[in-house]
Amino acid sequence: EDGEEGDDLQRPRSPHRDLSKGVLPPAAPLAIATQTLVGLAYAAKLRKEERVFLSIMGEGGTSMGEWHEAVNFAAVQRLPVIFVIENNQWALGTHWREQTAAPRFALKAAGYGMPGITIDGNDPDEVAAAAAWAAERKGPTMIELVTYRRGGHAHHDDDRYHGSPALKGYEFSEERARGEAADPIALYEKRLKAEGVLDAKAIRSVRDDATRRAAEAERVAESAPWPGPEDVENRCFAPRIDPVAAPPPRETKKMSYDEAVRQALVEEMDRDPRVFVLGEDVGGRYGGAFGVTRGLSKKFGDARCLNTPLAESAIVGCGVGAAIAGMRPVVEMQFADFLACGFNALVNNAAKTYWRWGRPVPMVVRLPYGGATGTGEKLLGGGPFHSQCPEAWFLRVPGWKIVVPSTPSDAKGLLTAAMRDNNPVIFLEAKGLYGLFRPDLKEEVPLGDYEVPIGKGIIRRPGRDVSILTYGAMVYTALEAA
């Protein structure tokens with residue numbers, strides 16, 4: 001699967017987004033790439049592949065909570081990820097001493113239960129030796145590369161960094177002098193010459209080749225076409241690959257709304273080994289805050305019903321990475337409200353990946369939402385942090401699908417369709433419809449290969465005077481009003 005670009009749009013191939021070379025495209029929101037890598041590593045663990053994953057982050061990015069969540073997640077799962085911290089002294093205009101009180105960033109590795117080392121990032125041989133050391137450990141490691149940023153944050157920042165006749169630069173002169181003296185290219189050329197590895201002619205050849213490759217990369221970027229109106233249709237959503245289920249099977253079983261969700265998970269995990277569940281308290285001895293995932297660990301093992309650290313952003317980010325790797329993760333947020341912590345991974349990564357580089361992200365994010373509809377019990381309502389209806393958060397972001405079932409049959413059929421879709425699906429479960437609150441809503445639910453198509457509505461009660469469009473728990477309110 002790693003060699004597949006994932007679509008038929010004939011987009012220009014680039015070494016910056018070529019999984020066949022083991023390269024992910026960069027992302028401006030820094031830590032989502034680290035989280036994606038953790039998901040790729042977890043997918044490799046599930047498939048029992050011996051691989052090593054390399055995350056490179058500037059020292060400024062290590063201050064982000066999302067980065068800490070990803071590192072801790074990898075450490076808990078003992079994933080073979082090398083976390084490289086490129087300490088070039090500056091994060092745009094913020095000096096590294098304003099990022100941490102620790103004298104070295106690699107010292108933080110001990111807090112995660114992994115080894116960490118600090119090395120000279122300007123010495124290629126030392127970097128290669130450290131990488132080999134980390135890879136051989138077959139677990140999480142941290143390497144701090146101490147180097148120096150020779151230019152501004154970007155070209156537009158050069159004058160503000162170095163200074164100009166009209167502006168004093170923010171760079172420290174003594175650090176600049178040390179950085180110039182430790183230029184890695186000049187020093188390594190000198191070493192290679194001294195050791196007889198390369199002569200002047202060979203060095204010129206290397207430089208010419210690097211110049212040619214940079215020019216070719218620039219040409220490819222400049223020649224890439226701008227998106228057109230037609231791309232809205234064929235680049236937002238990946239086409240479905242799995243065949244659509246046959247007509248509903250005849251065998252049924254009476255189930256509540258949450259039991260139907262569990263039935264869909266069990267059947268699809270049985271059918272497709274790529275499907276796995278992850279979230280807080282979903283496995284082990286607990287089985288989910290509402291018991292929906294109860295029994296999955298026993299049936300499929302802890303690796304496919306994964307109890308994660310309390311880290312919503314890393315949970316979603318791991319799901320995105322695993323989906324990019326070809327798995328079909330089902331992420332559970334304990335309460336829909338908590339997804340706010342994982343918005344970056346969902347909005348800026350999951351929803352945009354297919355648009356950006358044609359790689360499908362087949363994942364489901366389950367969100368128990370709303371209050372305990374139909375009960376006057378105050379403690380069951382959930383309060384302002386456990387009962388929100390956040391579907392409006394997602395409406396304005398293209399790239400994912402939003403599903404909200406209202407009956408047990410729809411819950412099973414729509415979740416099955418969502419797990420087989422090739423795109424990220426937000427699956428909202430009205431927890432007020434769970435059997436704990438509404439046992440009266442139990443109905444006969446088809447067993448076996450049963451889907452309800454995503455994107456199609458149903459008329460619950462025909463009439464002549466007014467049309468009410470609704471979903472989830474409000475379907476019953478509307479029916480009662482009618």
Side-chain angles (χ1 to χ4, degrees), residues 24 27 29-49 51-57 61-85 105-106 108-116 134 137-143 276-284 286 288 293 297 301-334 338-346 348-350 353 361 363-366 424:
L24 281 173
L30 298 175
I32 61 174
T34 308
Q35 295 176 343
T36 300
L37 208 70
V38 169
L40 288 165
Y42 191 71
K45 178 179 179 178
L46 286 174
R47 295 193 290 232
K48 296 180 170 54
E49 299 171 350
R51 304 187 65 179
V52 176
F53 298 83
L54 181 67
S55 167
I56 303 176
M57 176 67 75
T62 68
S63 295
M64 301 181 71
E66 292 165 312
W67 185 82
H68 285 277
E69 287 189 19
V71 174
N72 185 59
F73 194 113
V76 171
Q77 289 299 317
R78 310 309 300 165
L79 300 178
V81 182
I82 305 172
F83 294 98
V84 173
I85 302 171
F105 286 88
K108 300 181 181 184
Y112 297 109
M114 66 175 70
R137 299 188 70 86
K138 298 182 179 181
T141 54
M142 190 175 294
I143 302 175
F276 72 99
V277 174
L278 69 159
E280 297 162 8
D281 307 308
V282 297
Y286 200 66
T293 56
S297 284
D302 292 339
R304 289 187 67 197
C305 186
L306 177 64
N307 259 351
T308 66
L310 200 161
E312 285 82 6
S313 184
I315 295 168
V316 177
C318 177
V320 176
I324 288 173
M327 303 297 286
R328 292 187 174 266
V330 179
V331 170
E332 178 183 301
M333 290 287 107
Q334 199 167 81
F338 300 170
L339 185 60
C341 301
F343 241 50
N344 205 12
L346 198 61
N348 282 319
N349 205 6
T353 294
V361 184
M363 65 182 293
V364 177
V365 181
R366 292 182 44 243

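Just so you know, these numbers use all the heavy atoms, side chains as well, and skip hydrogens, waters and symmetry mates. For the single chain, residues carry numbers from 1 onward in sequence order.
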I'd like to know if the side chain of [X] reaches the main chain of [Y], judged simply by a donor and an acceptor atom lying under 3.5 Å from each other, with no hydrogens or angles considered.
X: D281; Y: G288; value: no
X: Y42; Y: A303; value: yes
X: E69; Y: S313; value: yes

Test item: V361 and I324 side chains (from C-beta on) under 4.5 Å apart, heavy atoms: yes
Closest approach of [X] and [Y], non-hydrogen atoms and distance?
X: V331; Y: G319; value: CG2-CA, 4.3 Å
X: P309; Y: V76; value: CG-CG2, 4.2 Å
X: A70; Y: V38; value: O-CG2, 3.6 Å
X: P115; Y: R137; value: CG-NE, 3.3 Å

Side chain to side chain contact (heavy atoms under 4.5 Å, CB included) assessment of N307 paired with V282: CA-CA 6 Å; N307 259 351; V282 297; 4.0 Å; yes
Step-by-step side chain to side chain contact (heavy atoms under 4.5 Å, CB included) determination, M333 to V316: CA-CA 9 Å; M333 290 287 107; V316 177; 3.9 Å; yes
Candidate pair L30 and M57, rule side chain to side chain contact (heavy atoms under 4.5 Å, CB included), full reasoning: CA-CA 8 Å; L30 298 175; M57 176 67 75; 4.0 Å; yes
T34 versus E66, side-chain donor and acceptor atoms under 3.5 Å: no
Nearest-0.5 Å distance, CD1 of residue I82 to OG1 of residue T141: 5.0 Å
Side chain to side chain contact (heavy atoms under 4.5 Å, CB included) between T62 and M142, worked out: CA-CA 12 Å; T62 68; M142 190 175 294; over 6 Å; no
